[in-house]
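Here is the structure we will look at, set down as structure tokens.
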There are 2 protein chains.
Amino acid sequence: METNLSRPESVFAIDCVILGFDEGELKTLLVKRNEEPFKDYWTLPGCLVVDQYESIDAAAARVLYSLTGLEGAYMEQFYTYADVVRHADGRVVSVAYYAMVRLEDTRQSQLIASYTRNAAWVPVAEIAGLAFDHMIILEKVLKKVRRKVLYHPIAFELLPVKFTLTQLQNLYEVILNKKLDKRNFRKKILHYRILKDLNEKQKDVSYRAAKLFKFDKKKYVAMSENDNLIPALSEGEGVAV
Amino acid sequence: METNLSRPESVFAIDCVILGFDEGELKTLLVKRNEEPFKDYWTLPGCLVVDQYESIDAAAARVLYSLTGLEGAYMEQFYTYADVVRHADGRVVSVAYYAMVRLEDTRQSQLIASYTRNAAWVPVAEIAGLAFDHMIILEKVLKKVRRKVLYHPIAFELLPVKFTLTQLQNLYEVILNKKLDKRNFRKKILHYRILKDLNEKQKDVSYRAAKLFKFDKKKYVAMSENDNLIPALSEGEGVAV
DNA sequence: ATATAGTGTGTATTAATTACCCTAAATACT
DNA sequence: AGTATTTAGGGTAATTAATACACACTATAT
């Protein structure tokens, strides 16, 4: 149903929850504002999209790239908000995305971004409040990721390409905020046959080195032709009946 | 990251996939266009949102109400699209919603809407193409609903308030496009304890009348305080390993 | 050589999933 | 009244998945 509006125009904003895993913590990349409103508050990184020919996905990718130098990381459109008035003379609809990045890949460029734009990786557990409605967006993303991680292998996007089973388990424990049983976790994840044993071991650890694995995307895609689903990785998923 | 744009303005569109279940089929409410482009094509119902103070959700609810007379039906924001140019002089970002409605509730008003606006309930299985990118939106919604129905009780939104187990099973079979075993289905759904046995039977059927149940929302919410999840209702969920 | 820190493994129990068919009940028809 | 028709409703055995649980091994550092 369209009315005849003289000059419909799409000016909209992107907000981006960029998640990373570092030092046993889930972190997100925040930017400090230096103008009102919310001067000196942390915000989710974002941008205004004015160009009529830039797609939403491209704009979100641009935000990610400008802060981290990364291209091709896992990104997904998430939710669209229109309730926040940012500018005195009108609201801007904003489309939220979330991205999952390997922090190791961002080292150099992230430092640059941090220097010029006052950006920082902040452990999500320590974030108490953000500008605008960004805290709500962040919490909603975390809720979604906690669920999605149970049936879709997005968690691997946060780990180094080569990882140990313990690292993987730690990541799941942090995301789900819950301890998992080591033997059961290993049994389960190995039964899915979505990991490739690299026949390599960790180096430079001061204890017994663990075997390295990588996520076997080919096998995974072949297995789940339709839907890209894996069964629940967590214990006690679902409702107790 | 905001630039200083002189007059940011949110003009955006809503598109709405309205699903119903009728005569054993999943149907969606479509509207026939009577102007170019895509004259005489079916489209998803929608509207342009010009009012700076109408929320996205309210606009979506307005679309639903204007076509069906329904308020308070299940609706969920779904995905946002910006790639479609509808007006020669600029694209309009459009936010897609889907709604699940009880077709029985719409009988009168739907006829009115149908008369004035050339709207019709069309079985989704028979829809081959739609105007704009609406076919893509519809397919994506169906994919989402097929998945969501496995862990969230949205299917009940499509059934009459009082229903039989056979009706419920038929609905699942239609949504999932797959036969389910009667005994296993009943065992499972009853074990969840989210149905209330009404101790009533069907009337005016020309065979043995079945017991009527209703969805027990209170019990359901109590059970799944956190997440509103129910385990999989389908057989063979997940990846075969 | 010894302390330290993390790796890697198996089994028994319980719960969930699957495959599989016949009798009971209500109405329609003659 | 009797019979045909149509759908409702229920149980069990076999398989598979989920859980709870503890100790010996290995590599390095001192």
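The chains referred to below are lettered A, B, ... by the order of the sequence lines, with proteins before strands, and numbering in each begins at 1.
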In whole Å, I'd like the distance from the CZ atom of B/R183 to the P atom of C/dC21. 8 Å

Can you sort out the partners of B/K144 under side-chain contact (heavy atoms from CB on, under 4.5 Å), two or more places apart, ordered by chain and number? B/E76, B/F78, B/Y98, B/K148

What nitrogen or oxygen pairs link the protein and nucleotides 28-30 of chain D at under 3.5 Å?
none

Rounded to whole angstroms, how far apart are CG on B/L165 and P on D/dA8? 9 Å

What is the distance, rounded to the nearest whole Å, between atom NZ of B/K187 and atom C1' of D/dA8? 17 Å

Is a side-chain donor or acceptor of A/H134 paired with a backbone partner of A/L44 at a separation under 3.5 angstrom? yes

Salt bridge (charged side-chain N to carboxylate O under 4.0 Å, His left out) against A/R62, all qualifying residues, sequence neighbours excluded: A/E54

What residues, two or more places apart in sequence or in another chain, satisfy salt bridge (charged side-chain N to carboxylate O under 4.0 Å, His left out) together with B/D197? B/K211

What integer distance in Å separates A/K201:NZ from C/dG8:C1'? 10 Å

Holding to salt bridge (charged side-chain N to carboxylate O under 4.0 Å, His left out), I want the full list of residues that pass it with B/K27, two or more places apart in sequence or in another chain. B/D22, B/E23

Can you tell me the distance, in whole Å, between the CG atom of A/L190 and the P atom of C/dT7? 14 Å

Using atom CZ of A/F185 as one end and atom C1' of C/dG10 as the other, report the distance to the nearest whole Å. 19 Å

Once you apply a heavy-atom cut-off of 4.0 Å, does B/T164 come out as touching a base, just sugar-phosphate, or nothing? nothing

Could you tell me which residues satisfy salt bridge (charged side-chain N to carboxylate O under 4.0 Å, His left out) with B/E139, sequence neighbours excluded, listed by chain and number? none

Rounding to an integer number of Å, can you tell me how far B/H191 NE2 sits from D/dG11 C1'? 11 Å

C/dT17, C/dC20, D/dC21: which one has an atom nearest the side-chain heavy atoms of B/K188? C/dT17

Whether the side chain of B/K182 and the base of D/dT7 hold a donor-acceptor pair under 3.5 Å is what I'd like checked. no

Would you mind reading off the distance between B/L180 atom CG and C/dC20 atom C1', rounded to a whole angstrom? 15 Å

Taking OP1 and OP2 of C/dG6, is either one under 4.0 Å from a side-chain nitrogen or oxygen of A/T166? no

Between the side chains of A/T166 and A/R186, is a donor N or O closer than 3.5 angstrom to an acceptor N or O? yes

Is there a side-chain contact between A/R186 and the phosphate of C/dT9, meaning an N or O under 4.0 Å from OP1 or OP2? no

